[in-house]
Amino acid sequence: MLEKFIFENHLGQRFEGLPNGVYLNYNDLRDYSWSYDTINNRISRFYRALKDRKLPLVIKCNSDEEAVAVKNRLHELAEADIEAKIPGKVFVGDYFTSGYITASVKSNYLITKRLCYIELTLTSDDPAWYREQTYIFNPGASDSVGVGGGTDHPYDYPYDYAISFKGRKILCDTVGSNAFRLLIYGVAVNPSVVIGGHTYAINGTIGEGESLLIDSLTKTITLTTATGTKINWFDKRGRDEYIFEPIPAGQNAVSWLGTFSFDLTVIEKRSEPRWT
């Protein structure tokens with residue numbers, strides 16, 4: 001059975017194959033291998049090397065005009081990544097892998113304009129698969145809980161708080177630890193969020209209409225002002241605990257003072273997408 005094909009370039013422009021008569025044939029997207037180094041005949045580390053994967057596409061459209069438009073659009077979206085030197089994404093279900101379309105080989109295109117076989121090459125310096133799950137936290141959310149005045153904390157902190165905290169638990173159903181993006185909305189003064197017992201803190205004030213993004217994948221901290229200007233806030237990170245600490249697998253308690261809103265995106269990483 002031919003699979004769905006979904007490609008998204010770095011600009012967020014998406015090409016969904018199925019509605020356009022494009023299908024993905026047998027491929028090696030789910031295949032993987034680890035490279036490794038050795039010391040004294042023992043493996044010292046594993047790592048993912050640069051990888052080329054083949055994407056054999058079948059294009060079968062209802063009209064000549066539709067087929068021409070589909071082939072041109074697919075090429076233009078892929079070339080935008082090459083020009084910008086920023087990778088795009090290929091999706092399988094809820095998972096995506098990143099890379100560049102570095103080659104395109106066509107066949108069977110002279111029979112009719114409506115039919116064409118195209119084999120794309122996806123070149124990746126990070127061939128892992130990712131899935132994102134976003135959790136939204138608001139001060140007035142119904143799943144928030146208060147702590148203080150001698151009340152026991154439901155997440156079993158080793159001490160009682162004298163102030164009110166908000167929180168809930170999230171489940172990271174993953175094999176290993178997870179990267180994340182933490183997007184904090186202003187107004188927030190010296191905001192901090194505790195996830196799985198680890199504190200992610202910022203020393204600074206996020207103003208009205210502003211937001212702050214902590215991205216553990218890119219190791220960046222960026223303030224976006226109300227006018228859209230982006231400012232590097234890396235120097236304002238809390239120094240007591242590592243700001244980019246991965247989120248552990250399993251159930252994790254999330255708590256904060258409840259004086260600001262934030263979105264937490266957990267980024268699962270796998271060698272292959274889950275089979276469904």
Side-chain angles (χ1 to χ4, degrees), residues 8-14 80-81 84-89 91 94-99 125-126 128-141 144 165-172 174 176-249 252-269:
E8 182 179 286
N9 69 10
H10 75 282
L11 298 172
Q13 299 168 328
R14 177 172 286 205
D81 294 339
K85 296 184 178 63
I86 303 175
K89 299 175 182 176
F91 289 82
D94 295 333
Y95 292 84
F96 68 86
T97 188
S98 62
D125 53 17
D126 177 16
W129 288 88
Y130 296 92
R131 180 176 66 171
E132 299 183 354
Q133 176 68 49
T134 298
Y135 302 88
I136 298 173
F137 293 82
N138 294 311
S144 297
F165 273 70
K166 305 289 184 182
R168 76 171 190 248
K169 293 182 179 180
I170 61 171
L171 177 62
C172 299
T174 60
S177 58
N178 306 273
F180 69 91
R181 287 193 300 272
L182 184 60
L183 182 62
I184 301 173
Y185 300 97
V187 176
V189 180
N190 298 330
S192 66
V193 178
V194 180
I195 306 171
H198 187 90
T199 301
Y200 303 82
I202 292 293
N203 298 316
T205 298
I206 304 168
E208 181 72 33
E210 296 182 335
S211 63
L212 182 80
L213 179 63
I214 303 171
D215 190 327
S216 75
L217 274 180
T218 59
K219 303 295 188 292
T220 56
I221 304 173
T222 306
L223 177 77
T224 301
T225 68
T227 60
T229 302
K230 297 186 181 300
I231 303 173
N232 183 355
W233 263 34
F234 186 79
D235 287 343
K236 294 184 181 293
R237 69 194 185 280
R239 307 301 174 98
D240 292 338
E241 297 187 51
Y242 182 48
I243 192 72
F244 302 121
E245 181 72 17
I247 298 174
N252 291 282
V254 181
S255 61
W256 85 114
L257 286 175
T259 56
F260 57 89
S261 298
F262 65 94
D263 299 340
L264 171 63
T265 299
V266 179
I267 307 171
E268 177 187 1
K269 184 176 184 179

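- The distance from the CD1 atom of I170 to the OH atom of Y135 is 5.0 Å, given to the nearest 0.5 Å.
- Here the straight-line distance linking atom OH of Y200 with atom CD1 of I243 works out to 8.5 Å at 0.5 Å rounding.
- Taking both residues in full, the closest heavy atoms of L182 and F180 are given as N-CD1, 3.9 Å, listed atom of the first, atom of the second, then distance.
- Pairs of residues two or more places apart, or lying in two chains, never qualify as ring pair (Phe, Tyr, Trp, His ring centres under 6.0 Å) while including a residue from residues 211-235.
- D81 is linked by a side chain to side chain donor-acceptor pair (under 3.5 Å) to H10, counting only residues two or more places apart in sequence or in another chain.
- Residues passing the ring-ring contact (aromatic ring centres under 6.0 Å, His included) test with F91 are F96, sequence neighbours excluded.
- Partners of A188 by side-chain contact (heavy atoms from CB on, under 4.5 Å), not counting sequence neighbours, listed by chain and number: I184, P191, I206, F260.
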Test side-chain hydrogen bond (donor to acceptor under 3.5 Å, both in side chains) on K230 and T224 and set out the steps.
-> CA-CA 5 Å; K230 297 186 181 300; T224 301; 3.2 Å; yes
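- The side-chain contact (heavy atoms from CB on, under 4.5 Å) test applied to D235 returns R237, R239, not counting sequence neighbours.
- Residues meeting the ring-ring contact (aromatic ring centres under 6.0 Å, His included) test with Y242, sequence neighbours left out: F244.
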Decide yes or no on side-chain contact (heavy atoms from CB on, under 4.5 Å) for R168 and F137, but give the supporting numbers first.
-> CA-CA 9 Å; R168 76 171 190 248; F137 293 82; 3.6 Å; yes
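- A heavy-atom distance below 4.5 Å is found between the side chains of V193 and F262.
- Considering every non-hydrogen atom in both A128 and K269, the closest pair reads CB-CE, 3.6 Å.
- Listed for the T205 side chain is no donor-acceptor partner under 3.5 Å among the backbone atoms of V189.
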Given L171 and N252, is the side-chain contact (heavy atoms from CB on, under 4.5 Å) satisfied, shown in steps?
-> CA-CA 6 Å; L171 177 62; N252 291 282; over 6 Å; no
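- To the nearest 0.5 Å, the span separating CD on E245 from OG on S216 amounts to 10.0 Å.
- Counting only residues at least two apart or on different chains, no salt bridge (charged side-chain N to carboxylate O under 4.0 Å, His left out) pair has a member in residues 187-198.
- Every residue two or more places apart in sequence or in another chain that forms a side chain to side chain donor-acceptor pair (under 3.5 Å) with T174 is listed here: N178.
- For the pair E132 and R181, the minimum side-chain heavy-atom distance is below 4.5 Å.
- In this structure, the salt bridge (Lys or Arg N to Asp or Glu O under 4.0 Å) partners of E8, at least two apart in sequence or on a different chain, are R14.
- With contacts defined as side-chain heavy-atom distances shorter than 4.5 Å, the pair I195/L264 qualifies.
- Note that the CD atom of Q133 and the SG atom of C172 stand 9.0 Å from one another [nearest 0.5 Å].
- For P87, the side-chain contact (heavy atoms from CB on, under 4.5 Å) criterion is met by S98, Y100, not counting sequence neighbours.
- For D263, the side-chain contact (heavy atoms from CB on, under 4.5 Å) partners two or more places apart in sequence, or in a different chain, are T134, I136, L183, Y185.
- For residues 188-198, the set of pairs meeting the side chain to side chain donor-acceptor pair (under 3.5 Å) definition, not counting sequence neighbours, comprises H198-E241.
- The line from OH of Y95 to CD of E268 is 3.5 Å long, rounded to the nearest 0.5 Å.
- From I221, atom CD1 reaches atom CG of D215 across 10.0 Å, with rounding to the nearest 0.5 Å.
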